[in-house]
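Worth knowing before you read on, the calculation uses all heavy atoms, side chains too, and leaves out hydrogens, waters and symmetry mates. In listed order, ligands and their atoms are each counted from 1.
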Amino acid sequence: YNQPSSGRKYDLSMFDIGRPLGKGKFGRVYLAQEKSTGFVCALKTLYKDEIQKGKVEKQVRREIEIQQHLAHQNILRLYGYFDDAKRIFLILEFAGQGELYKHLQREEQFPEWKASQYIAQMAAALKYLHKKHVMHRDIKPENILVGIHGEIKISDFGWSVHAPNNRRQTMCGTLDYLPPEMLGGSKNYNEKVDLWSLGVLTYEFLVGRAPFEDTGMMTQRRICRAEYSIPAFVSPEAKDMIKKLLVLDPEKRITLDEIPNHPWIKKHCVTGERAWNRASSFKPR
Ligand SMILES: Cc1cc(Cn2cc(-c3c(Cl)cnc4nc(-c5cn(C)nc5C)[nH]c34)cn2)no1
């Protein structure tokens, strides 16, 4: 399986560039194919002047440093990188079904079986990350892609750091996903911040909007008080999962090890006996 390897030296001439796949604050992503092997990937191009202007050199360096040492089916692979005079190029895994937030926008809400399987996959990816003492810190639909088989892949490690962290980070973008312990500039927090964001993600998958969505200050106040309500159409098991993740005290949140055994996950999990039965009853035509 001749995927690119981080040991090799790459340059732009080694790739055929295809259609644009998306754009972000500091550049664009293109479909690309490595000429020598035919390997299809996503080439993320970041403009050096934009990165310097945005003072995000550290984040880009961290994204590369962290993501290239990760290998998990629910984490987007970074195979390598190179640069030219103006741009940095990240050779990324191509996610065949694109950006998850676009799926959520189109479907408005995910059915419970789909949300439950996505959260189980997120928990597996976070368990892998936390075992390496990496916390993502920016879990939200915009940072999740969908692979060709419908599996999800955490991407964009620009905000990830090695835990524990007592560096102050200037935040930009939505506050909706920030845990209480990261608000108000408190410095000491750990990987449990990703559990809170997983709770916000679960809520948004099922309800179609974030639980603390409000105007700036009100959002912060509602987060710090864990002030949210869950609509009646959400099942009791899903409500229980959200309540066990959106807990103000990080140490009292459900752990990643407990998530696979939670009734809401077990109810919709397909890796167990049902999947085996389904596979064994498969009759090739
Ligand atoms: C800069 C910049 C843009 C983005 C957001 N972004 C990620 C992708 C992307 C990646 Cl990194 C990998 N595989 C992808 N597959 C798609 C895709 C889009 N459509 C409409 N269909 C597919 C399949 N996008 C992918 C694109 N933009 N982050 O930093």
Side-chain angles (χ1 to χ4, degrees), residues 1 3-6 10 12 14-34 37-84 86-108 110 114 118 121-122 125 129 136-160 171-174 176-177 197 201 204:
Y1 188 51
Q3 66 198 36
S5 62
S6 54
Y10 294 97
L12 201 50
M14 298 161 86
F15 296 89
D16 286 321
I17 306 300
R19 69 181 176 97
L21 291 171
K23 58 181 180 299
K25 217 164 161 192
F26 304 104
R28 289 175 177 273
V29 177
Y30 296 89
L31 188 60
Q33 184 166 38
E34 210 224 336
T37 60
F39 189 80
V40 172
C41 58
L43 204 59
K44 183 169 181 175
T45 63
L46 300 167
Y47 290 92
K48 291 183 177 177
D49 57 353
E50 293 296 311
I51 289 173
Q52 272 141 22
K53 246 191 281 179
K55 298 189 178 18
V56 287
E57 297 97 319
K58 242 187 329 183
Q59 259 129 288
V60 173
R61 207 168 298 123
R62 241 192 329 251
E63 177 174 4
I64 294 172
E65 178 48 40
I66 287 177
Q67 203 167 348
Q68 72 174 342
H69 293 101
L70 302 175
H72 186 277
Q73 62 276 17
N74 297 121
I75 294 175
L76 197 76
R77 290 297 303 275
L78 168 64
Y79 297 113
Y81 61 96
F82 57 94
D83 69 326
D84 64 14
K86 293 194 174 145
R87 296 164 292 185
I88 297 171
F89 299 90
L90 306 187
I91 308 166
L92 291 162
E93 176 182 1
F94 170 63
Q97 292 190 37
E99 298 178 85
L100 182 72
Y101 84 91
K102 291 182 182 173
H103 292 243
L104 185 54
Q105 268 175 354
R106 194 174 47 244
E107 299 177 42
E108 289 182 12
F110 290 143
K114 186 183 278 193
Y118 282 168
Q121 291 169 36
M122 286 298 294
L129 274 181
H136 188 280
R137 297 196 316 168
D138 198 15
I139 299 293
K140 55 187 178 185
E142 291 76 0
N143 289 341
I144 300 171
L145 293 160
V146 187
I148 197 69
H149 303 297
E151 75 282 19
I152 53 172
K153 296 180 181 280
I154 301 180
S155 67
D156 203 330
F157 283 76
W159 280 101
S160 57
M171 291 290 157
C172 58
T174 172
D176 281 335
Y177 276 77
S197 304
L201 193 70
E204 182 160 1

- Query: Should Val60 and Phe26 count as side-chain neighbours, where that means a heavy-atom distance under 4.5 Å?
  - Reply: no

- Query: Considering only heavy atoms from C-beta outward, does the side chain of Arg62 approach that of Gln59 to under 4.5 Å?
  - Reply: yes

Atoms of ligand 1 less than 4.0 Å from [X] heavy atoms?
X	result
Glu93	12 (C), 13 (N)
Gly24	1 (C), 2 (C), 3 (C)
Gly27	1 (C)
Phe94	13 (N), 15 (N), 23 (C)

- Query: If we ignore angles and hydrogens, is there a donor and acceptor under 3.5 Å between the side chains of Tyr177 and Glu204?
  - Reply: yes

Between the candidates [options], which shows the shortest non-hydrogen contact distance to [atom]?
atom	options	result
atom 4 (C) of ligand 1	Leu46, Val29, Asp156	Val29
atom 11 (Cl) of ligand 1	Leu31, Leu92, Leu43	Leu92
atom 27 (N) of ligand 1	Gly22, Cys41, Pro20	Gly22

Once you restrict to heavy atoms under 4.0 Å, what part of [X] touches ligand 1? Side chain, backbone, both or neither.
X	result
Lys44	side chain
Leu145	side chain
Ala42	side chain
Glu99	side chain
Arg19	side chain

So which heavy atom in the protein is nearest [atom], and how far is it from that ligand atom?
atom	answer
atom 18 (C) of ligand 1	Leu21 O, 3.6 Å
atom 13 (N) of ligand 1	Ala95 N, 2.9 Å
atom 16 (C) of ligand 1	Gly98 CA, 3.6 Å

- Message: Between Phe39 and Tyr79, is the ring centroid distance below 6.0 Å?
- Response: yes

Donor-acceptor check, side chain of [X] to backbone of [Y], threshold 3.5 angstrom: yes or no?
X	Y	value
Asn74	Ile152	yes
Gln97	Val146	no
Thr45	Phe89	no

- Query: Is atom CZ of Phe110 surrounded by more than 12 heavy atoms (other residues, nucleotides or ligands) closer than 6.0 Å?
  - Reply: yes

- Ser155 near ligand 1, heavy-atom distance under 4.0 Å? no

- Message: Quick check on Glu142 - does any of its heavy atoms sit under 4.0 Å from an atom of ligand 1?
- Response: no

- Arg87 CZ to Phe82 CZ distance, which is reported to the nearest 0.5 Å: 8.5 Å

- Task: Inspect the contact between Lys140 and Asp138 and indicate whether a charged nitrogen and a carboxylate oxygen are less than 4.0 angstrom apart.
- Result: yes

- Query: Is any side-chain N of the basic residue among Lys53 and Glu50 closer than 4.0 Å to the acidic one's carboxylate O?
  - Reply: yes

